Amino acid sequence: MSLTTRTGTRLCLLLRSLAAPPSPPGQDPHGWRVPVDCVRANELCAAEPSCSSRYRTLRQCLAGRDRNTMLANKECQAALEVLQESPLYDCRCKRGMKKELQCLQIYWSIHLGLTEGEEFYEASPYEPVTSRLSDIFRLASMFSGMDPAANSKSNHCLDAAKACNLNDNCKRLRSGYISTCSRELSASEPCSRRKCHKALRQFFDRVPSEYTYRLLFCSCKDQACAERRRQTIVPSCSYEDKEKPNCLDLRSACRTDHLCRSRLADFHTNCQASFQTLTSCPGDNYQACLGSYTGLIGFNMTPNYIDASITSITISPWCSCKGSGNMEEECEKFLRDFTENPCLRNAIQAFGNGTDVNLSPKNPLPPITLPPKTEKSPALPDDINDSNTMYDTSIITTCTSVQEHGLKLNKSKEQNLCYSETQLTTDIMPDQKTFVDQNAGGSRHWAGRILPIVPILLLLLVL
């Protein structure tokens, strides 16, 4: 094998490894560094002369050069080797961080040229989401109408708007984007889409999720409510257009912008349907999917409800697959990630219903051992009347363990769980009653006095 061939093979392997999705924060695949955000990684690289010079070389290698030409360049090879051992290799960004755009520019300057052709799914440059919908529900518990079961007849989307108006930041930014997106410029130009998108991004990036989610994902039982939900982002300006572009053309346009490209990659990472999970969402995390969905609003890839239906939820960007030619299959696949996405649909419904998936604890609960059935019930203490209810100790342990292990259950479900287990114990062990009548104590006390006299009466009868 020639030297040129070996060099090319080695570089191909390096490129493939660099193009792989970055490792989640906290993991250390190479054993010698912890991932940091790309702005900090760039600062660390700049402070090291070797890394700094090689990084500049790498950017030159990836800028406007043919791939084969880059592979044959020894300087490019050395730059790749140094980069693989630098903090830049695993760096990530945080959505909404102060220097988000700069961070994303650094990330994509490294990763854009390291793949062969355009990938259908790209790895998200953002750190993984660790919060869950249950966290949002806790933060929003102070708002009236947050629990759909509490007032099933109310218009939850209207309640969401009222809740937003009670918060100064939410009210100000919401009024701002509505005003901007509704301002007519001329007869031929109903609004400034660029300014509308910017105002929407500011709203969804700066207002807490307990407000924005309620506006976007409120549950509806009539079309008036569903239409209010659809109108949340002022779709006449931010979403709709005279004609629908091809979805692949829309994706290509999105990928020319670092922010839009990052948000789309994040959506695919967190909302891509998974049939190996309970919820069809990666990691069973509804919150990660909904957060990625809202991150797309305010770009040319802005998604929205296609109608005011109350029987089904269908989401789509403003595009179609007409004129796709031989790329129609890929276009349809891209569009189905929005229109027929079980993860996204389940996440929206879960938030509207005020529910979240209950995950098993890291340390499984020990199995419950039921005590053996006995012929006679043990004597109960005389002070039984001091308590209205006596609980089986195994049931108390079970319910306490559920709370201590961090399972987030709805109040009603938690009560049902503990009640069901108590009832189960009663059914299996009829002699061991869980719920005791207060008056039962006196009957047992009376019986205790009569039983010792029975042998004496029998003896008298015999005599």
Side-chain angles (χ1 to χ4, degrees), residues 95-96 131-185 190-240 286-287 290-299 302-305 307-310 313 315 347-356:
R95 180 179 160 188
S131 60
R132 309 193 69 84
L133 277 190
S134 51
D135 301 321
I136 304 297
F137 296 148
R138 278 197 298 273
L139 291 173
S141 61
M142 67 187 74
F143 304 137
S144 61
M146 184 60 205
D147 183 4
N151 192 358
S152 59
K153 296 182 179 180
S154 67
N155 184 324
H156 296 301
C157 295
L158 181 59
D159 293 339
K162 292 178 180 179
C164 179
N165 287 334
L166 294 176
N167 179 274
D168 292 339
N169 188 47
C170 184
K171 180 180 179 180
R172 177 177 58 84
L173 291 174
R174 180 169 175 262
S175 299
Y177 84 70
I178 290 177
S179 175
T180 301
C181 298
S182 304
R183 187 178 299 125
E184 185 176 345
L185 300 180
C191 69
S192 172
R193 173 167 290 195
R194 180 182 62 83
K195 292 182 179 179
C196 176
H197 279 174
K198 182 179 180 180
L200 279 168
R201 291 197 300 270
Q202 289 177 342
F203 176 77
F204 287 106
D205 284 348
R206 297 179 184 179
V207 177
S209 299
E210 54 264 32
Y211 294 99
T212 60
Y213 282 16
R214 292 188 68 187
L215 291 166
L216 280 175
F217 311 124
C218 44
S219 60
C220 290
K221 294 188 176 181
D222 59 70
Q223 287 192 336
C225 173
E227 180 60 22
R228 171 180 281 273
R229 180 177 61 187
R230 194 186 73 84
Q231 291 290 339
T232 297
I233 63 171
V234 194
S236 59
C237 181
S238 68
Y239 178 66
E240 299 165 359
Y286 287 144
Q287 156 68 352
L290 295 183
S292 298
Y293 173 91
T294 59
L296 278 174
I297 297 174
F299 295 94
T302 296
N304 197 26
Y305 300 90
D307 54 34
S309 172
I310 60 174
I313 294 176
I315 300 291
I348 292 174
Q349 290 176 338
F351 182 86
N353 295 333
T355 58
D356 193 9

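Reckoned from all heavy atoms, side chains included, excluding hydrogens, waters and symmetry mates. What you see is a predicted model, and the numbers here were worked out from it, not measured in a lab.
If you check the gamma sulfurs of Cys181 and Cys237, they are not less than 2.5 Å from each other. Cys170 pairs with Cys164 as a disulfide, the SG atoms being under 2.5 Å apart. The SG atoms of Cys220 and Cys157 are placed at least 2.5 angstrom from each other.
Geometric assessment of Arg174 against the ring of Phe203 yields a negative cation-pi assignment under the 6.0 Å and 45° thresholds.
Across Leu296 and Pro303, no two heavy atoms sit closer than the pair CB-CD, 3.8 Å. Nearest heavy-atom pair across Ile313 and Ile348 is CD1-CG2, 3.7 Å. When all heavy atoms of Glu240 and Arg230 are compared, the pair lying nearest together is OE2-NH1, 3.4 Å. When all heavy atoms of Ala308 and Glu227 are compared, the closest pair comes out as CB-OE1, 3.5 Å. Residues Ala350 and Tyr286 share a closest heavy-atom pair of CB-CE1, 3.4 Å. The shortest non-hydrogen separation linking Tyr177 to Ile233 is CE1-CA, 4.4 Å.
Annotation: the span from Ser238 atom OG to Asn304 atom CG amounts to 6.5 Å, rounded to 0.5 Å. Considering OG of Ser192 and CD of Glu184, their distance stands at 13.0 Å, rounded to 0.5 Å. Here CZ of Arg228 is found 8.5 Å from SG of Cys218. Values are rounded to the nearest 0.5 Å. Summarising the geometry, atom CZ belonging to Arg183 is positioned 10.5 Å from atom SG belonging to Cys196; distances are rounded to the nearest 0.5 Å. Annotation: the span from Leu185 atom CG to Arg193 atom CZ amounts to 12.5 Å, rounded to 0.5 Å. In this structure, Ile310 CD1 and Lys221 NZ are separated by 10.0 Å, a value rounded to the nearest 0.5 Å.
Looking at Ser182, its side chain never comes within 3.5 Å of a backbone N or O of Ser179 through a donor-acceptor pair. The backbone N or O of Gly298 lies less than 3.5 Å from a partner atom in the side chain of Arg201, making a donor-acceptor pair. Of the possible donor and acceptor atoms, none in the side chain of Thr294 sits under 3.5 Å from a partner among the backbone N and O of Phe204. The main-chain N or O of Ala163 is never found under 3.5 Å from a side-chain atom of Arg214 such that the two would form a donor-acceptor pair.
For the pair Lys198 and Thr180, the minimum side-chain heavy-atom distance is 4.5 Å or more. Between Leu216 and Ile297 the shortest side-chain heavy-atom distance falls below 4.5 Å. Counting heavy atoms from C-beta on, the side chains of Asn167 and Glu210 never come closer than 4.5 Å. At a threshold of 4.5 Å between non-hydrogen side-chain atoms, the residues His156 and Asp159 count as touching.
Enclosure of atom CG in Asp222 by more than 12 non-hydrogen atoms of other residues, nucleotides or ligands within 6.0 angstrom is indicated.
With sequence neighbours excluded, the residues that form a ring pair (Phe, Tyr, Trp, His ring centres under 6.0 Å) with Phe217 are Tyr213, Tyr293.
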